[in-house]
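For reference, the structure discussed in these notes is given below.
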Amino acid sequence: GNISIALDEAKVVKDTQTNTWTAVAERVTANRYEGISPGVELPKDPRIHNTGDNAAYVRLKISVPGSVMNYYNNGFLELINNTLHANWVYTDTKEEHGNRVYTVTYQKVLEAGVSTEAAFTHVMIPASITNQQAAAINSFNIHIVAEAIQADGFHNVTDAFTAFDN
């Protein structure tokens with residue numbers, strides 16, 4: 001069957017007076033954050049939209065440089081400031097090419113024409129880092145890839161992605 005998905009997030013706008021970012025209604029495929037400082041919270045709310053004709057199971061793979069993740073004591077959940085939505089489950093961490101790749105899996109079938117809730121809502125820069133350390137990570141990418149597999153033929157999301165990965 002036809003499986004097609006789209007990934008987006010809210011566009012963010014920076015207030016240079018307060019050095020804060022705000023999410024607006026417009027949806028975009030990526031945001032760029034500049035002038036990051038310790039303790040800042042950056043809006044980031046990735047959602048998957050099922051644009052195909054069939055129900056699917058979906059997941060996100062979030063890749064962050066390991067050099068950045070070394071500043072987080074509690075890994076991925078600290079990075080997203082514990083904002084993982086209840087319908088998403090943090091299922092895996094892998095090291096790939098100097099990056100930490102975190103997998104979060106949507107626990108429900110995503111019907112055709114429907115969108116997930118945001119997997120998470122924010123990325124947090126640790127307050128414990130120094131301005132010098134913040135400058136060192138001032139420019140880094142959080143690369144997010146969405147994956148889908150047709151729901152028909154699988155009992156649950158775990159079975160579906162076990163087949164997808166093998």
Worksheet entry | Gap between atom CH2 of W21 and atom CG of D15 - 0.5 Å precision | 10.0 Å
Discussion item. According to side-chain contact (heavy atoms from CB on, under 4.5 Å), who are the partners of Q132, at least two apart in sequence or on a separate chain?
Written reply: T130
Worksheet, complete the sentence: Residues passing the ring-ring contact (aromatic ring centres under 6.0 Å, His included) test with Y90, sequence neighbours excluded, are F76
Item to complete: Would you give the length of the straight line joining atom OG1 of T20 to atom CG of L42, rounded to the nearest 0.5 angstrom?
Response: 10.5 Å
Practice prompt. List in chain and number order the residues that pass salt bridge (charged side-chain N to carboxylate O under 4.0 Å, His left out) with D165, two or more places apart in sequence or in another chain; answer none if no residue qualifies.
Written response: R59
Worksheet item: S37 versus I125: any side-chain heavy-atom pair under 4.5 Å?
Response: no
Worksheet item: If Ile, Leu, Val, Met, Phe, Trp and Tyr residues are connected whenever their side-chain heavy atoms lie under 4.5 Å apart, and connections chain through other members, are V89 and F120 in the same group?
Response: no
Item to complete: Heavy atoms only: give me the nearest A10-N31 pair and the separation to one decimal.
Response: O-ND2, 2.8 Å
Worksheet item: So V123 and Y33, side-chain contact (heavy atoms from CB on, under 4.5 Å) or not? Walk me through it.
Response: CA-CA 11 Å; V123 171; Y33 307 90; over 6 Å; no
Item to complete: Report the hydrophobic cluster partners of V145, with the cluster defined as I, L, V, M, F, W, Y residues connected by side-chain heavy atoms closer than 4.5 angstrom, directly or transitively.
Response: none
Worksheet item: Rounded to the nearest 0.5 Å, how far apart are OG of S67 and CD of Q133?
Response: 11.5 Å
Discussion item. Quick check on the hydrophobic clustering: are L77 and W88 connected, directly or via other members, by side-chain heavy-atom contacts under 4.5 Å?
Written reply: yes
Item to complete: Looking only at non-hydrogen atoms, find the nearest pair between A127 and P38 and report the distance.
Response: O-CB, 4.0 Å
Worksheet entry | Where N50 and A55 come nearest, the two heavy atoms and their spacing | ND2-CA, 4.0 Å
Worksheet item: Transitive ILVMFWY cluster of V101 at side-chain heavy atoms under 4.5 Å: who else is in it?
Response: none
Discussion item. Just so I know, are the side chains of I62 and V104 near enough to count as touching, which here means a heavy-atom distance under 4.5 Å?
Written reply: yes
Response to the item:
The side-chain contact (heavy atoms from CB on, under 4.5 Å) partners of N81 (sequence neighbours excluded) come to E41, T83, M124
Discussion item. Can you list everything that forms a salt bridge (charged side-chain N to carboxylate O under 4.0 Å, His left out) with D152? Sequence neighbours excluded, please.
Written reply: none
Please tabulate, one pair per line, all N/O donor-acceptor pairs under 3.5 Å involving side-chain atoms of residues 112-119, not counting sequence neighbours.
residue	atom	partner	partner atom	Å
S115	OG	H49	ND1	2.4
T116	OG1	I48	N	3.0
E117	OE1	N87	ND2	3.2
E117	OE1	Y106	OH	2.8
E117	OE2	N87	ND2	3.1

Worksheet entry | Interatomic spacing from CD in E34 to OG1 in T16 - rounded to 0.5 Å | 12.5 Å
Response to the item:
Hits for salt bridge (charged side-chain N to carboxylate O under 4.0 Å, His left out) against K11, two or more places apart or cross-chain, chain-then-number order -> E26
Worksheet item: With distance as the sole criterion, is a donor-acceptor pair present between the side chains of T51 and S4 under 3.5 Å?
Response: yes
Discussion item. Run the side-chain contact (heavy atoms from CB on, under 4.5 Å) test against N74 and tell me which residues pass, sequence neighbours left out.
Written reply: E78
Item to complete: Check whether any side-chain N or O of N156 sits under 3.5 Å from a backbone N or O of T158 as a donor-acceptor pair, and report yes or no.
Response: yes
Worksheet item: Given I142, which of I80, V68, V64 fulfils the side-chain contact (heavy atoms from CB on, under 4.5 Å) condition?
Response: V64
Worksheet item: Linking Ile, Leu, Val, Met, Phe, Trp and Tyr by side-chain heavy atoms under 4.5 Å, what else ends up with F154?
Response: Y57, V109, I149, V157, F161, F164
Worksheet item: Is there a side-chain contact (heavy atoms from CB on, under 4.5 Å) between Y72 and R100 once you walk through the steps?
Response: CA-CA 12 Å; Y72 294 86; R100 297 219 183 106; over 6 Å; no
Fill in: Option among R47, R27, K44 that satisfies the side chain to side chain donor-acceptor pair (under 3.5 Å) test with E9
K44
Fill in: Under 3.5 Å side-chain donor-acceptor pair for K14 and N19
yes
Discussion item. Could you list the cluster mates of I3? Members are the ILVMFWY residues connected by side-chain heavy atoms closer than 4.5 Å, either directly or through other members.
Written reply: none
